[in-house]
Each structure stands twice: as structure tokens, then as C-alpha cells.
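All figures in this text were calculated on a predicted structure; none of them were measured in a lab. Atoms within a ligand are numbered from 1 in the order they appear, just like the ligands themselves.
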Amino acid sequence: MADLIAEIKALEANAAAAIAGAADADALAQVSHDFTGKKGALTGVMKQLGSLTPEERGEVGKAANAFKNKLDELLSAKESELMQAKFASLAETEFLDLSVTPPEYAAVRGSGAHSGHTHPITQTQRRLEEIFTSMGFSIVDGPQVEDDYHNFGALNFTDDHPARDMQDTFYTATGHLLRTHTSTVQIRALEGMKPPLRIIAPGRVFRYEEVDASHEHTFYQMEGMIIDRKVSVGNLLHLMQTLLTEVFGREVDVRLRPGYFPFVEPGFELDMKCLVCNGSGCSVCKHSGWVEVLPCGLVHPNVLRSAGLDPAEWQGAAFGLGLNRLVMMQHGIEDIRHFMAGKLDFLRQF
Ligand code: DAH
């Protein structure tokens with residue numbers, strides 16, 4: 001019996017040496033196979049148990065189990081050691097320094113790569129979205145290719161309203177049109193949501209315009225609308241003031257004039273003192289010192305009716321912010337055409 005136990009001890013020493021020298025997972029599997037596999041060394045020893053008493057067999061059995069456990073322990077320790085070594089060498093050979101300027105950028109730019117950023121209109125749009133969502137408004141969207149109903153009809157434009165004219169609106173061959181304002185989304189929101197509601201709808205709009213320093217055929221607006229049981233001009237003015245103060249970071253000079261839009265009654269034009277020329281007159285304010293940025297009003301009963309709401313029960317206020325002009329005031333940009341010119345020298349300033 002003592003012989004067999006000594007043999008097992010010897011196996012353990014051999015196995016430990018083989019494991020220590022194993023170079024990879026395959027070599028480890030081979031060690032396991034050689035020592036404790038079906039035809040392995042331990043099986044060879046156990047075949048000699050026949051001549052022993054039951055007590056002696058028990059002793060050898062214990063030694064065999066201890067050997068197996070020891071082997072498992074050594075194998076898994078070596079396995080994790082090999083794994084760590086593998087990752088350490090991967091980290092060495094496949095290391096990637098993402099902060100290094102690629103040589104080709106450095107060559108083109110001279111001083112290294114320039115990172116891009118969002119367009120100045122997008123920056124202001126996002127800021128406005130933050131301001132309005134913090135006041136409980138939802139951001140909604142609508143299609144840019146619209147139909148007459150959503151762009152005009154449901155907004156209380158008469159059939160002969162001049163805005164419908166081919167001179168002002170881009171029509172498609174299929175009888176659709178490119179929306180001329182984001183007010184379309186007022187109707188879309190009223191169709192899809194239940195009052196009370198507060199929404200803003202930023203987006204791109206299109207007009208068949210003679211392009212100059214203050215007119216583009218493609219520009220950006222942000223519509224806003226609240227519908228509730230009681231909405232007043234006071235609510236509307238408060239919203240407008242919050243908006244402008246937040247965007248400009250200070251009080252700005254504003255004036256309110258009556259304005260006509262078919263979908264509001266009463267309607268107003270909110271102008272702000274031109275910040276490009278400080279009111280002395282320039283191309284942006286058409287030399288008047290004031291810029292129309294915020295037409296607004298109380299939602300016309302006909303608009304409420306066309307959405308199936310009873311004007312005796314529901315009231316609304318709306319505004320249509322001209323995003324391009326607002327951004328021009330913010331940054332002192334003198335020509336609206338810069339926005340879409342795709343000139344990097346212009347865009348990099350923001
Ligand atoms: N949709 C109008 C335009 O583009 C602007 C406008 C005026 C929007 C008054 C409104 C509003 O929501 O109440 O000319």
C-alpha cells in the first residue's frame with residue numbers, strides 16, 4: 001500500500017512539473033489527459049488495488065482523490081496565468097492611442113485635426129428645446145412635404161389667400177406642397193393629442209422667395225402652441241419674454257404690434273431691437289432698427305373647430321419663431337445666406 005501511495009506522490013510531482021512547463025491551453029489538456037484520463041497514469045496505479053485489503057484500498061483511494069484535487073487546482077491556476085499573459089501581450093501588441101493625431105490630418109491641417117460641431121441653428125434650436133421642455137412642452141414633428149389642408153385649409157386660410165399663390169409656395173407635381181411654415185404641426189398635434197397640451201415644433205420650411213440678405217427659400221422656424229381651458233395674451237407674452245431672455249441671457253428690447261395671420265385672433269408681431277446694428281439700421285433689419293422674430297397670437301376658434309374642439313371650452317396661444325433671424329441676432333450675422341452656404345470659415349466661428 002505504501003508503495004502505491006508513494007507512486008501517487010511521484011505522479012503529483014511529475015504532473016506539477018508538466019503543468020508548470022505547459023505553454024498553452026492545449027498543453028494543459030494534454031497533462032490532464034496523461035495523468036487522470038481513462039488511460040492515464042493514475043488509472044495505471046489504481047489497477048494494482050486488487051491485492052489490497054479494503055482498508056488499504058480506502059487509504060489509496062483517499063490519496064488518489066487528493067491527487068486529483070491538487071491537479072485540478074494546479075490546472076486552473078495555470079490556466080488563469082496563461083490567460084492573463086495572453087491579454088497582457090494583446091494589450092502590448094494591439095494597443096491603440098486614440099488621442100494621437102493621424103499623420104494625414106496633421107499634414108492637411110497643419111496644426112492637427114479640427115473636431116466638428118453642430119450648426120449654429122441646431123445649437124440654438126437645442127437650447128430652445130431645453131428651455132421649453134423644462135416648462136412642460138413636448139417636442140413634436142411633422143412632414144416637410146405637406147398637403148393644402150394642413151398648410152392652409154385647417155389653419156383658416158381662405159381659398160383665395162395670396163400665400164397659396166404659386167408665387168409663394170413650392171408645389172409638387174402630385175399636388176402636394178413644401179410646408180411654408182411649421183404651423184402645419186399645430187394641426188398635426190391637434191389631430192394626434194388630447195388637450196390640454198403644450199408643444200413646440202422646430203423644423204425646416206420653404207418659400208418661393210427672392211433670395212437676399214434677409215430672405216432664404218429654405219429656413220427654420222419653431223412653432224409653439226398651448227391649448228388649455230383658459231389661455232390669455234398674458235400667458236403668451238410671458239412665454240415670449242422667457243424665451244428671449246433665456247436665449248440672449250439678458251432682457252432685450254421688444255415691441256408688440258398687431259399682426260394678421262388667419263389662424264390667430266388677435267394676432268401680433270413681436271419685434272426685437274436689431275442687435276446687429278443696435279437699432280441704427282442695417283441690411284438685416286431693412287434699416288428699420290427692428291426685426292420681426294416672433295409672430296404670435298391666440299388660436300383662432302376656426303382652427304380649434306377644425307380639430308374638433310369646442311372654442312367655448314378650449315383656448316389656445318401660438319407663436320412661430322423665426323430661428324434663422326434669432327440666430328442672426330444672437331451672433332450678429334449680417335446675411336441669412338451664410339447659413340446654407342456650406343462655408344467652413346463661417347461655420348467654424350460657432
Ligand atoms: N406661421 C407664420 C409664418 O410663418 C408665423 C406664425 C404667426 C405662427 C402667428 C404662429 C402664430 O403660431 O401664432 O408666417
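Scanning all heavy atoms of the two residues, the minimum distance from Lys286 to Ser214 falls at CE-OG, 3.9 Å. The two residues Phe319 and Met240 have their closest heavy-atom pair at CD2-CE, 3.3 Å. Closest of all the heavy-atom pairs between Thr182 and Met222 is OG1-C, 4.0 Å. Of all heavy-atom pairs between Asp212 and Asp335, the closest is O-OD1, 4.2 Å.
Salt bridge status for Glu313 with Arg229: present, with a side-chain N to carboxylate O gap under 4.0 Å. The pair Glu73-Lys78 does not count as a salt bridge, with every side-chain nitrogen at least 4.0 angstrom from each carboxylate oxygen.
Residue Ser183 places at least one N or O, backbone or side chain, under 3.5 Å from an N or O of ligand 1. Close N/O approach between Phe263 and ligand 1 is not found [any backbone or side-chain N/O within under 3.5 Å]. Taking distance alone, with nitrogen or oxygen atoms compared against 3.5 Å, Phe319 approaches ligand 1 more closely than that limit.
Each of the following atoms of ligand 1 lies closer than 4.0 Å to a heavy atom of Gly297: 13 (O). Under a 4.0 Å criterion applied to the non-hydrogen atoms of Val264, ligand 1 contributes the atoms 13 (O). Of all atoms in ligand 1, numbered sequentially from 1 with element shown, those under 4.0 Å from a heavy atom of Ala318 are 12 (O), 13 (O). Listed by number with element, the atoms of ligand 1 under 4.0 angstrom from any heavy atom of Gln186 are 12 (O). When each atom of ligand 1 is checked for a heavy atom of Cys296 under 4.0 Å away, the hits are 9 (C), 11 (C), 13 (O). Set against the non-hydrogen atoms of Gln221, the atoms of ligand 1 under 4.0 Å away are 3 (C), 4 (O).
Counting heavy-atom neighbours within 6.0 Å of Arg127 CZ, excluding the residue itself, gives a total above 12.
Of all protein heavy atoms, the one closest to atom 12 (O) of ligand 1 is Glu223 OE2, 2.6 Å. Closest protein heavy atom to atom 7 (C) of ligand 1: Pro295 CB, 3.3 Å. Ranking the protein heavy atoms by distance from atom 14 (O) of ligand 1 puts Arg207 NH2, 3.5 Å first.
Between Asp159 and Phe152, every side-chain heavy-atom pair lies at or beyond the 4.5 Å cut-off.
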